[in-house]
Amino acid sequence: MTKAAFEKLLQKQAEGRTSASENQKIDRIWQQIYDRTQAFDWDKVSELGVKERIQSGINQRIAYTAKTKKNYIGHYFLRVAAVFLLLILGALIYNTVNQQEEIQVALLSRSTNKIQRAQVTLPDGTKVHLNVNSTLNFPETFEEDSRIVQLTGEAFFDVTHDPSRPFYVQSSTLNTKVLGTSFNISSYADEETRITVKTGKVQVSLNTDQKQQVYLMPNETASLPKGSSNLITGKADASSVIGWTSGKLEFESVPFDEVLARLEKYYHTPLVLSNYENKGCLITASFENKGLNFILSNLQLLAKFTYTENEEGEFIIDFKSC
């Protein structure tokens, strides 16, 4: 449970509106804090805010009790209980704040470089295909009411169905929520962020404006262009979008410049083509994913060109002939 959710639950309990199961959850979380298996990043301001909200709720209950029952003794003991509750809460929060450096949820990370791809199995059984130059951060164990991961780069998710725990993928600009489905997210720096659904249903919203959200079905896509604040939706061939997960690149009579365009997108590396005049140069080939240099070297067997990599990481392709 998140800190914000716990604060709301405490406030609800102070107002006397919690159910028996919610009270049990609160007791369980206090026990976890005591046992040092749960920690919330409360600062002094947050601590004071929690205390004030709970005190306000208690005061309202005190006023109600005094007005309706006019029981002085009950009123007195209710105030004693209120002070006791605040003392316990203050002590527990103080204990948590001072121990938060010792009590941290284990966060795991998996990264790939410009020639690597990886497959990751998350704690709930969700399968993730990680593309090149990508990083996935995820907890060692998910919380009881949600599953949250962070992605930089591109990945294809096949999410294990669990209605009680929504699955969230947080990227630099978009937040994606699902219960059990498969979809692709591309969120590289300096590029548009794009979500494409293969199966199931996905909710996509802006990090900066949660009210701006869309729902996607299979073969639908949502994108946020770089520098834009508006989501764009449309149709997409999901099988084509996730073709990179197969680890193979296949070309059947594809023009040379289009081959380079696909390689550029596949490896997220700029390919600058010069001196290309022969539009009839068609490439038919199949390559295993062994890196961009490997594929360019093999393409030189089919077309005459030279290539160099500059300091900015761009590949300059000087075309000769086909």
Side-chain angles (χ1 to χ4, degrees), residues 107-122 126-138 147-160 167-178 181-200 202-207 214 216 218-228 231-250 258-271 287-295 313-315:
L107 190 65
L108 306 179
S109 182
R110 184 67 188 272
S111 297
T112 57
N113 59 29
K114 64 181 182 180
I115 64 172
Q116 291 177 322
R117 283 180 173 81
Q119 293 187 33
V120 183
T121 300
L122 300 183
T126 291
K127 306 295 183 183
V128 183
H129 292 262
L130 203 59
N131 206 348
V132 296
N133 294 325
S134 300
T135 298
L136 181 70
N137 296 320
F138 56 96
R147 298 169 287 171
I148 302 174
V149 302
Q150 293 84 37
L151 172 69
T152 300
E154 184 171 16
F156 174 72
F157 293 84
D158 189 357
V159 179
T160 298
F167 190 95
Y168 296 90
V169 180
Q170 298 174 341
S171 62
S172 60
T173 57
L174 298 179
N175 188 44
T176 306
K177 174 185 176 182
V178 302
T181 185
S182 59
F183 58 97
N184 192 83
I185 297 182
S186 179
S187 182
Y188 287 97
D190 299 323
E191 294 184 18
E192 71 172 10
T193 300
R194 179 178 292 273
I195 290 90
T196 306
V197 178
K198 182 182 180 185
T199 62
V202 169
Q203 174 188 302
V204 180
S205 59
L206 291 181
N207 289 343
V214 296
L216 304 177
N219 292 313
E220 291 183 343
T221 183
S223 63
L224 183 69
K226 187 176 181 298
S228 175
L231 282 169
I232 299 174
T233 60
K235 297 291 185 180
D237 181 0
S239 297
S240 176
V241 172
I242 66 173
W244 62 268
T245 62
S246 67
K248 288 186 177 181
L249 276 166
E250 297 183 352
E258 291 186 21
V259 170
L260 296 185
R262 284 178 56 181
L263 290 175
E264 183 176 60
K265 185 176 181 180
Y266 193 81
Y267 287 101
H268 296 276
T269 301
L271 299 177
F287 301 106
E288 294 286 342
N289 172 35
K290 294 184 179 180
L292 184 55
N293 275 297
F294 172 82
I295 293 178
E314 298 176 329
F315 279 76

Check against side chain to side chain contact (heavy atoms under 4.5 Å, CB included), Phe315 and Asn293: CA-CA 10 Å; Phe315 279 76; Asn293 275 297; 3.7 Å; yes
Taking atom [atom1] of [X] and atom [atom2] of [Y], what is their separation to the nearest 0.5 Å?
| X | Y | atom1 | atom2 | result |
| --- | --- | --- | --- | --- |
| Glu154 | Lys265 | CD | NZ | 8.0 Å |
| Lys114 | Asn131 | NZ | CG | 15.0 Å |
| Ile295 | Leu249 | CD1 | CG | 5.0 Å |
| Ile232 | Leu224 | CD1 | CG | 8.0 Å |
| Ser186 | Arg194 | OG | CZ | 8.5 Å |
| Leu130 | Thr152 | CG | OG1 | 10.0 Å |

Only counting residues at least two apart or in another chain, list the ones meeting side-chain contact (heavy atoms from CB on, under 4.5 Å) with [X].
| X | value |
| --- | --- |
| Ala222 | Val214, Leu216, Thr233 |
| Thr245 | His129, Phe156, Ile242 |
| Asn175 | Tyr168, Gln170, Ser205, Asn207, Gln210 |
| Ala261 | none |

For [X], give me all partners under salt bridge (Lys or Arg N to Asp or Glu O under 4.0 Å), at least two apart in sequence or on another chain.
| X | value |
| --- | --- |
| Glu264 | none |
| Arg117 | none |
| Glu314 | none |

Quick one: are Phe157 and Leu151 in side-chain contact, heavy atoms under 4.5 Å?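 Of all side-chain heavy-atom pairs linking Leu151 with Phe157, at least one is under 4.5 Å.
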Main-chain N/O of [Y] paired with [X] side-chain donor or acceptor, under 3.5 Å:
| X | Y | result |
| --- | --- | --- |
| Thr135 | Ser111 | no |
| Ser134 | Val132 | yes |
| Thr221 | Gly234 | no |

Determine whether Arg147 and Val159 satisfy the following criterion, side chain to side chain contact (heavy atoms under 4.5 Å, CB included), listing intermediate values before the conclusion. CA-CA 10 Å; Arg147 298 169 287 171; Val159 179; 4.0 Å; yes
Not counting sequence neighbours, which residues clear ring-ring contact (aromatic ring centres under 6.0 Å, His included) with Tyr188? List them please.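 His268.
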What's the shortest heavy-atom distance between [X] and [Y], and which atoms?
| X | Y | value |
| --- | --- | --- |
| Ser171 | Ser187 | CB-OG, 3.4 Å |
| Thr112 | Ala118 | CG2-CB, 3.8 Å |
| Val120 | Arg110 | CG2-CG, 3.7 Å |
| Val204 | Leu174 | CG1-CD1, 3.9 Å |

Using the side-chain hydrogen bond (donor to acceptor under 3.5 Å, both in side chains) criterion, which residues pair with [X]? Sequence neighbours excluded.
| X | result |
| --- | --- |
| Thr269 | none |
| Thr176 | none |
| Ser109 | Asn137 |

Which residue pairs satisfy the salt bridge (Lys or Arg N to Asp or Glu O under 4.0 Å) criterion with at least one member in residues 127-138, sequence neighbours excluded?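 The answer is none; no pair qualifies.
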Side chain to side chain contact (heavy atoms under 4.5 Å, CB included) between Phe138 and Val128, intermediate numbers included: CA-CA 11 Å; Phe138 56 96; Val128 183; over 6 Å; no
Could you check Tyr266 against Leu292 for side chain to side chain contact (heavy atoms under 4.5 Å, CB included), going step by step and ending with a plain yes or no? CA-CA 9 Å; Tyr266 193 81; Leu292 184 55; over 6 Å; no
Distance-only polar pair, side chains of Thr173 and Thr193, donor-acceptor under 3.5 Å: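 Looking only at side-chain atoms, Thr193 and Thr173 do form a donor-acceptor pair, the distance falling under 3.5 Å.
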